[in-house]
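Atoms within each ligand, like the ligands themselves, are counted from 1 in listed order. All heavy atoms count here, side chains included; hydrogens, waters and symmetry mates do not. Quick caveat: nothing in here was measured; it's all calculated off a predicted structure.
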Amino acid sequence: MTHPLEELREAALAEISAAPEERALDAVRVRYLGRQGSISAWGERMKSLSKEERPVVGKLLNEARTAVTAALEEKGSKLRAAMEASALADLDVSLPGTPNELGTLHPLTQMLDRAIAIFRRMGFALAEGPDVEDEWHCFDALNTPPDHPARAEQDTFYLPDGRLLRTHTSTVQIRTMEAAPPPIRVIAPGAAFRRDEVDATHSAQFHQIEGLYVDKGVTVADLKGTLEFFLRELFGPETEVRFRPHYFPFTEPSLEIDVKSKTLKSGEKWIEVCGCGMVHPAVFEAVNRARGDAAFDPETWTGFAFGLGMDRLAMILFDIPDIRLFAQNDLRFLQQFA
Ligand code: DAH
């Protein structure tokens, strides 16, 4: 006569072998070996058995548990293997993979890297300031009081609290001098903003490289030498450089610089690339007032400053016809500078 435990074992093994997928298999496990399972129930029943019966049933119970557990495991791994195989069956390993495309530096970044490398060789350090500025750093400290007509030319975007988006990187001149006494030799690349009509050569956001050199005995000759060297390194040794008198409130004298080179696409045309001049004593005095000392005594220190149009330089260097291309993120444009 077969014991009911043996019958249970055989029934469980039959159901396991018939289970079509993992969920059905788990249901079998619960039914026989779960806490309420029919094989598990015999564990409870043991207590009520006689001394003679107990070892016999205990042995059968152990055998049933071991056999069913092993069968569950074996069938489980078979089912999983079959599932993986069917998932891979649809996979065409001969299809080409997804290529990992290599990015490139934006032309403005490339331009900036070149400029920084050239100024580094002349001992210029990097400085920076915030895009969102106050009127004092953007205008007043740069000898441009509220009623000054230059403010209208440099109209910008104002925040409700009166702060503004800087119209030039010249703000960094002031911030650098507030932070440290002379001598100073820095460049400050960054974004500038203006309420310009947007066209091929004007953008509401563009970029400049500001420069400031303050020391004893700095003259216009130093300014000319530095910027001529920079422009010839950038555009090639045959580049012609022209200094034109101009007006900026924060420099005296003030100059604008044009370049021309046969090797450039612009050919015979002079192109304006830079505003510059000798730092106005009123700028030093505004800084002294803010610092509360006389670190920048205009009787002792002189300096030159310049603002290079970075987008303009990049347009000349890479022969780019429209400033708007820099911000459009069109890969067909950007990939040409790989
Ligand atoms: N900030 C001027 C502008 O945006 C450019 C400039 C002119 C900067 C003369 C200077 C400078 O540092 O000395 O038009």
Side-chain angles (χ1 to χ4, degrees), residues 115 119 124-131 133 135-145 148-157 164-178 182 184-196 201-215 218-228 230-231 241-259 271-284 286-287 296 298 301-313 323:
F119 280 116
F124 283 81
L126 278 172
E128 61 179 5
D131 289 0
E133 262 295 2
E135 282 188 86
W136 190 80
H137 285 93
C138 197
F139 296 122
D140 303 76
L142 287 159
N143 199 29
T144 315
H148 199 290
R151 283 212 187 188
E153 270 171 44
Q154 298 197 325
D155 199 12
T156 183
F157 305 92
L164 47 77
L165 296 182
R166 65 180 180 193
T167 64
H168 49 190
T169 45
S170 303
T171 54
V172 188
Q173 290 185 35
I174 305 302
R175 291 196 171 268
T176 305
M177 290 191 280
E178 280 180 310
I184 283 174
R185 198 189 305 179
V186 293
I187 55 167
F193 306 83
R194 267 179 222 181
R195 273 183 58 172
D196 271 340
T201 54
H202 295 85
S203 167
Q205 184 194 331
F206 54 101
H207 304 83
Q208 297 184 323
I209 304 174
E210 192 74 17
L212 177 66
Y213 191 160
V214 182
D215 207 333
V218 178
T219 69
V220 178
D222 299 307
L223 161 68
K224 289 185 74 174
T226 302
L227 287 165
E228 246 174 42
F230 170 75
L231 292 166
V241 181
R242 176 171 81 178
F243 291 80
R244 257 184 305 107
H246 196 73
Y247 172 80
F248 297 104
F250 36 90
T251 43
E252 178 58 37
S254 303
L255 308 156
E256 271 189 344
I257 306 178
D258 306 326
V259 292
I271 309 173
E272 185 226 312
V273 291
C274 181
C276 56
M278 301 304 291
V279 179
H280 198 294
V283 173
F284 285 145
V287 168
F296 290 86
W301 304 96
T302 48
F304 68 76
F306 57 87
L308 288 153
M310 209 159 95
D311 307 70
R312 182 76 65 89
L313 294 179
I323 194 171

Task: E135: partners by side chain to side chain donor-acceptor pair (under 3.5 Å), with sequence neighbours left out - done: R151
TODO: Step through it carefully: locate the ring centre of H168, locate the ring centre of F250, and say whether they are under 6.0 Å apart.
DONE: yes
Task: Non-neighbouring partners of E210 that pass side chain to side chain donor-acceptor pair (under 3.5 Å), sequence neighbours left out - done: T169, S170, Q173
TODO: Report the relative orientation of the aromatic rings in F124 and F119; use parallel for angles under 30°, tilted for 30 to 60°, perpendicular for over 60°.
DONE: perpendicular
Task: Partner residues of F304 under the ring-ring contact (aromatic ring centres under 6.0 Å, His included) criterion, sequence neighbours left out - done: Y213
Task: Residues in the immediate environment of ligand 1 (any heavy atom closer than 4.0 angstrom) - done: Q154, H168, S170, Q173, R194, Q208, E210, F248, F250, T251, G275, C276, G277, A305, F306, G307
Open item on the list: With a 4.5 Å cut-off on side-chain heavy atoms, are V220 and P253 touching?
Closed with: yes
